[in-house]
Trainee: 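One structure, pasted below without further comment.
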Amino acid sequence: MKIATWNVNSLKVRLPHVLDWLAANRPDVLCLQELKLEDKSFPSAEIEAAGYHAAFSGQKTYNGVAILSRSALAGIGHGIPGFDDEQKRVLAATVNGVRVICGYFPNGQAVGSEKFAYKLRWLAALTEWLREELKAHQRLVLTGDFNIAPEDRDAHPDWKDEIHVSPAERAAFAALTGLGLADAYRLFPQDDKSFSWWDYRMGAFRRNFGLRIDHILLSPALRDVCCACTIDKAPRKLERPSDHAPVIAELEL
DNA sequence: ATGGCGCAGTGGCTGCGA
């Protein structure tokens with residue numbers, strides 16, 4: 001099973017890239033973030049024509065998540081149970097016995113801001129929910145745009161902002177891995193300065209001034225069968241790219 | 001020089017992302 005995540009920064013604008021990428025890579029599951037469109041505008045026909053089922057949770061202008069799958073999606077769940085939130089950031093579904101949770105984690109804007117407090121509240125709620133989900137689902141994937149670079153090696157050395165690399169955010173990430181979830185990318189040797197996001201400005205991609213903030217976390221049963229995890233930088237080189245690159249994990253299932 | 005780029009909304013600009 002090949003499972004991927006990609007923050008597309010507007011599905012409307014990026015649909016051609018997504019369709020091309022699905023055709024070229026044929027993942028079993030693709031989790032999308034930052035759809036920036038309402039459910040009524042979701043491109044269901046195009047996704048279906050590409051051979052994929054879809055579950056989605058969108059809103060106007062901001063946020064929005066989707067799970068695309070070659071097999072049928074079951075047990076679709078919206079949001080974090082018990083956490084009231086108008087922002088569409090979480091979608092869960094079961095595919096061939098694997099519980100897939102797609103998340104667009106809050107940005108946080110600046111350490112100490114109102115949005116930062118919301119980010120930490122959101123992360124705490126997610127973690128408590130995942131604790132229960134892991135009891136119910138032996139095979140579980142938590143994936144998406146985490147907006148956290150878990151270690152120093154996951155951020156360009158010149159990254160000056162505290163957001164995405166602050167101790168509080170990294171502690172929240174560690175709380176998730178503390179539940180037994182493994183960062184699939186770090187199960188394998190990787191190049192130095194491996195990132196999944198690059199600012200549109202300042203020639204950041206050309207200079208590889210980036211962050212690794214898009215992740216695939218695996219429950220113990222899936223970690224044991226994970227045979228590869230890579231970042232595909234090719235779509236970031238296209239005309240009008242998303243600022244994020246897809247991350248792909250391969251599971252021997 | 002605190003911007004730069006890109007997207008959405010109902011705009012000639014602002015808010016936001018990371």
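Proteins come first, then strands; the chains are lettered A, B, ... in the order of their sequence lines, and each starts at number 1. We use all heavy atoms of the structure for the numbers below, so side chains are in, but hydrogens, waters and symmetry mates are not.
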Trainee: Give me the distance, rounded to whole Å, that separates B/dG11 from B/dG6 when you measure between the C1' atoms they each carry.
Mentor: 16 Å
Trainee: Just by modelled atom types, is the A/N9 backbone N or O under 3.5 Å from a matching donor or acceptor in the A/E34 side chain?
Mentor: no
Trainee: Judged by each residue's nearest nucleotide on DNA chain B, which is more toward the 5′ side, A/R14 or A/F105?
Mentor: A/R14
Trainee: Describe the nucleic acid contact of A/K115 in one word from base, sugar-phosphate, nothing, applying a heavy-atom distance below 4.0 Å.
Mentor: sugar-phosphate
Trainee: If we take the C1' atom in both B/dA1 and B/dA18, what is their distance in whole Å?
Mentor: 22 Å
Trainee: Using the P atom as the point on both nucleotides, what is the distance between B/dT2 and B/dA8, in whole Å?
Mentor: 28 Å
Trainee: Contact class for A/D214 vs. all strands (heavy atom < 4.0 Å): base, sugar-phosphate, or nothing?
Mentor: nothing
Trainee: Output, in order, the C-alpha distance, side-chain angles, deciding distance and verdict of side-chain contact (heavy atoms from CB on, under 4.5 Å) for A/L130 and A/L140.
Mentor: CA-CA 9 Å; A/L130 261 293; A/L140 184 147; 3.7 Å; yes
Trainee: Once you apply a heavy-atom cut-off of 4.0 Å, does A/H156 come out as touching a base, just sugar-phosphate, or nothing?
Mentor: nothing
Trainee: How far, in whole Å, is B/dG9 from B/dG4 if one measures between their C1' atoms?
Mentor: 22 Å
Trainee: Give a yes or no answer on whether the side chain of A/Y104 reaches the backbone of A/K88 with a donor-acceptor pair at less than 3.5 Å.
Mentor: no
Trainee: Reckon A/N147 touches a base, only the sugar-phosphate, or nothing at all at heavy-atom distances under 4.0 Å?
Mentor: sugar-phosphate
Trainee: Which distance, rounded to the nearest 0.5 Å, do you find between the CD of A/E169 and the NE2 of A/H164?
Mentor: 7.0 Å
Trainee: Are A/Y185 and A/S194 close enough that a side-chain donor and a side-chain acceptor fall under 3.5 Å?
Mentor: yes
Trainee: Going 5' to 3' on DNA chain B, which nucleotide is the first and which the last to come under 4.0 Å of a heavy atom in chain A?
Mentor: B/dG4 to B/dA18
Trainee: Rounded to the nearest 0.5 Å, what separates atom CD in A/Q59 from atom CD in A/E38?
Mentor: 9.0 Å
Trainee: A/L211 or A/K36: which one's nearest nucleotide on DNA chain B is closer to the 5' end?
Mentor: A/K36
Trainee: Looking across every strand, which nucleic acid part, if any, lies under 4.0 Å from A/Y104 by heavy atom: base, sugar-phosphate, or nothing?
Mentor: sugar-phosphate
Trainee: Under a single-linkage rule joining Ile, Leu, Val, Met, Phe, Trp and Tyr whose side-chain heavy atoms are separated by less than 4.5 Å, which residues share a cluster with A/W198?
Mentor: A/F195, A/F205
